[in-house]
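Have a look at the structure below, then the notes.
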Protein chains: 2
Amino acid sequence: MGRGYKWGQKLAGHGFRLTAAREAILDVLSSTNEHVSAEDIYMTVHADNPRIGLTTIYRTLELLEQTGIICKFEFGHGRAKYELSEANSHKKHHHHLICKKCRKIIDYTEFAKAEREYIQKAETGLEKKYRFTIDDHLIHFYGICPECKTG
Amino acid sequence: MGRGYKWGQKLAGHGFRLTAAREAILDVLSSTNEHVSAEDIYMTVHADNPRIGLTTIYRTLELLEQTGIICKFEFGHGRAKYELSEANSHKKHHHHLICKKCRKIIDYTEFAKAEREYIQKAETGLEKKYRFTIDDHLIHFYGICPECKTG
DNA sequence: ATGATAATGGAAACCATTTTCACTATAGAG
DNA sequence: CTCTATAGTGAAAATGGTTTCCATTATCAT
């Protein structure tokens with residue numbers, strides 16, 4: 001029951017193998033709290049194992065997203081960012097606070113109670129009114145961070 | 001005080017002119033409730049006035065976004081979508097309900113009270129804790145629309 | 001071992017958007 | 001009214017993140 005055991009199980013459940021490339025990518029995602037881009041991952045992975053190419057990074061990220069192991073965020077400005085999904089990390093349910101100037105992204109977990117109240121009410125109401133089956137939501141706050149205000 | 005008067009005033013306030021191209025683009029945005037892409041706008045505008053190029057569409061959209069006349073949304077999947085900002089249309093404050101399959105986007109305005117309560121609490125708390133100046137927020141719900149469920 | 005299938009890397013393609021550059025329209029000075 | 005500085009424009013080229021193609025390699029079931 002080594003380091004990759006858990007991921008191996010997860011992927012096998014979807015009919016995929018845990019290859020060296022996939023494990024390396026999952027390692028990068030597991031060992032950061034940042035929101036990393038495909039290129040970020042490529043840089044790190046490639047430094048250790050130059051045989052792993054950018055194509056594989058993209059392919060793997062899509063696969064991991066499909067299987068629900070990671071989440072993809074498009075914050076705008078071109079590059080998508082990825083992070084382990086809540087079920088697959090020790091992260092709590094969180095949303096994002098984004099600086100419009102430097103594009104810094106802060107995860108916040110506060111206000112869960114008020115959020116739950118609103119989300120639940122809205123979700124139930126929307127499901128009824130529009131007959132959607134809702135399974136996800138996303139909340140962003142935008143503003144200027146203290147560094148950008150003074151800088 | 002013709003049709004473009006209001007926009008003329010708005011743009012002049014920022015030191016810009018209301019040109020034929022800009023008016024055509026604003027007309028498209030004013031006369032739809034959809035979230036339109038640069039290409040959508042180009043098609044419509046270009047049909048009437050083939051001299052207006054795609055470059056101008058992009059340039060104008062950026063200008064209109066900077067001046068707060070329109071909002072840009074990146075729902076993912078490549079192309080940005082635009083709509084008149086709340087202050088510049090008859091739209092109420094709304095958020096988005098998105099079908100993951102067909103990518104249909106529904107604006108909803110319900111649950112404003114519960115939303116306000118949550119947003120206000122979160123915004124105030126986040127401003128204090130992270131010292132951000134927050135001026136905007138975005139809420140998306142994701143799910144499957146009734147057509148995609150049965151289809 | 002072997003044959004079928006999954007996974008891979010590099011190069012090329014893709015495609016929305018941005019940049020470049022030479023040209024045109026316009027407002028404001030004189 | 002004319003001139004001139006500047007704003008606005010279009011076509012074509014460039015950009016850059018992501019995807020596709022294709023030939024090759026690794027791995028699983030038999």
Side-chain angles (χ1 to χ4, degrees), chain A residues 4 7-26 28 35-67 69-82 103, chain B residues 4 7-26 28 35-67 69-82 103:
Chain A
W7 300 130
Q9 295 286 88
K10 279 250 157 66
L11 287 177
H14 291 270
F16 299 117
R17 302 177 191 154
L18 179 62
T19 64
R22 289 171 185 174
E23 195 166 358
I25 292 167
L26 282 162
V28 174
H35 303 76
V36 291
S37 67
E39 177 132 19
D40 292 335
I41 296 172
Y42 175 67
M43 305 278 241
T44 308
V45 164
H46 198 258
D48 253 24
N49 188 345
R51 304 196 50 201
I52 295 173
L54 188 53
T55 308
T56 296
I57 307 289
Y58 277 107
R59 263 191 301 235
T60 301
L61 288 172
E62 173 159 11
L63 181 155
L64 294 175
E65 195 202 351
Q66 305 286 10
T67 57
I69 294 176
I70 64 172
C71 294
K72 179 181 187 176
F73 290 95
E74 318 222 3
F75 291 107
H77 314 106
R79 25 163 61 83
K81 304 283 196 93
Y82 301 84
R103 298 173 193 173
Chain B
W7 300 131
Q9 296 286 89
K10 279 252 158 64
L11 288 177
H14 292 271
F16 299 117
R17 301 175 191 156
L18 180 62
T19 64
R22 289 170 187 175
E23 196 166 357
I25 292 166
L26 282 162
V28 174
H35 304 76
V36 291
S37 66
E39 178 133 19
D40 293 335
I41 296 172
Y42 175 67
M43 306 277 241
T44 308
V45 163
H46 198 258
D48 254 25
N49 188 344
R51 306 196 50 201
I52 296 173
L54 188 52
T55 308
T56 296
I57 308 288
Y58 277 107
R59 264 192 298 237
T60 301
L61 287 172
E62 173 161 9
L63 181 156
L64 294 175
E65 196 203 349
Q66 306 285 9
T67 57
I69 293 175
I70 64 173
C71 295
K72 179 181 189 177
F73 290 96
E74 318 221 5
F75 291 106
H77 315 107
R79 25 164 58 84
K81 305 284 196 90
Y82 301 84
R103 295 174 194 174

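Labels below follow one simple rule: chain letters A, B, ... track the order of the sequence lines, proteins then strands, and each chain is numbered from 1. Excluded from the calculations below are hydrogen atoms, water molecules and symmetry mates; all remaining heavy atoms, backbone and side chain alike, are included. Just so you know, these numbers come straight off a predicted model, no measurement behind them.
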Whole angstrom value for the distance that separates C1' of D:dT9 from CD1 of B:Ile52: 10 Å

Heavy-atom pair of closest approach, residues B:Leu54 and B:Tyr42: N-CE1, 3.4 Å

Interatomic distance, A:His14 NE2 vs C:dA6 C1' [rounded to whole Å]: 17 Å

Nearest non-hydrogen partners of B:Ile52 and B:Ala24, listed with the distance: CD1-CB, 4.4 Å

Euclidean distance, atom OH of residue B:Tyr42 to atom C1' of C:dC15 [Å, nearest integer]: 15 Å

Per-nucleotide protein contact string for nucleotides 21-30 of chain D (B base, S sugar-phosphate only, - none; heavy atom under 4.0 Å): B-----BS--

Shortest non-hydrogen separation from B:Trp7 to B:Leu26 and the atoms involved: CG-CD1, 3.5 Å

Shortest non-hydrogen separation from A:Thr67 to A:His14 and the atoms involved: CG2-CG, 3.5 Å

Side-chain N or O of B:Thr19 closer than 4.0 Å to phosphate OP1/OP2 of D:dT9: yes

Interatomic distance where CG belongs to B:Leu26 and P belongs to D:dG8 [whole Å]: 13 Å

Shortest non-hydrogen separation from B:Lys72 to B:Ala80 and the atoms involved: CE-CB, 3.6 Å

Proximity to DNA chain D (any heavy atom under 4.0 Å), residues of residues 69-82 of chain B only: none

Sequence neighbours excluded, every pair satisfying salt bridge (charged side-chain N to carboxylate O under 4.0 Å, His left out) that has a member inside residues 37-54 of chain A: A:Glu39-A:Arg79

Those residues that, when tested against B:Lys10, pass side-chain hydrogen bond (donor to acceptor under 3.5 Å, both in side chains) (two or more places apart): B:Asn88

Could you list the donor-acceptor pairs under 3.5 angstrom formed between side-chain atoms of residues 58-65 of chain B and any protein atom two or more places apart in sequence or on another chain?
{"residue": "B:Thr60", "atom": "OG1", "partner": "B:Thr56", "partner atom": "O", "Å": "2.7"}
{"residue": "B:Glu62", "atom": "OE2", "partner": "B:Gln66", "partner atom": "NE2", "Å": "3.1"}

Separation of D:dT19 C1' from A:Leu54 CG (nearest whole Å): 11 Å

DNA chain D: 5'-proximal contact among A:Ser37 and B:Gly15 (nearest heavy atom): B:Gly15

Atom pair distance, as rounded to whole Å: OH in B:Tyr58 and P in C:dT20: 18 Å

With B:Arg103 via salt bridge (Lys or Arg N to Asp or Glu O under 4.0 Å) - residues at least two apart: none

Whole-Å gap separating P (C:dT17) and CD (B:Glu39): 9 Å

Nearest-angstrom distance from the residue atom CD of B:Glu65 to C1' of C:dT17: 13 Å

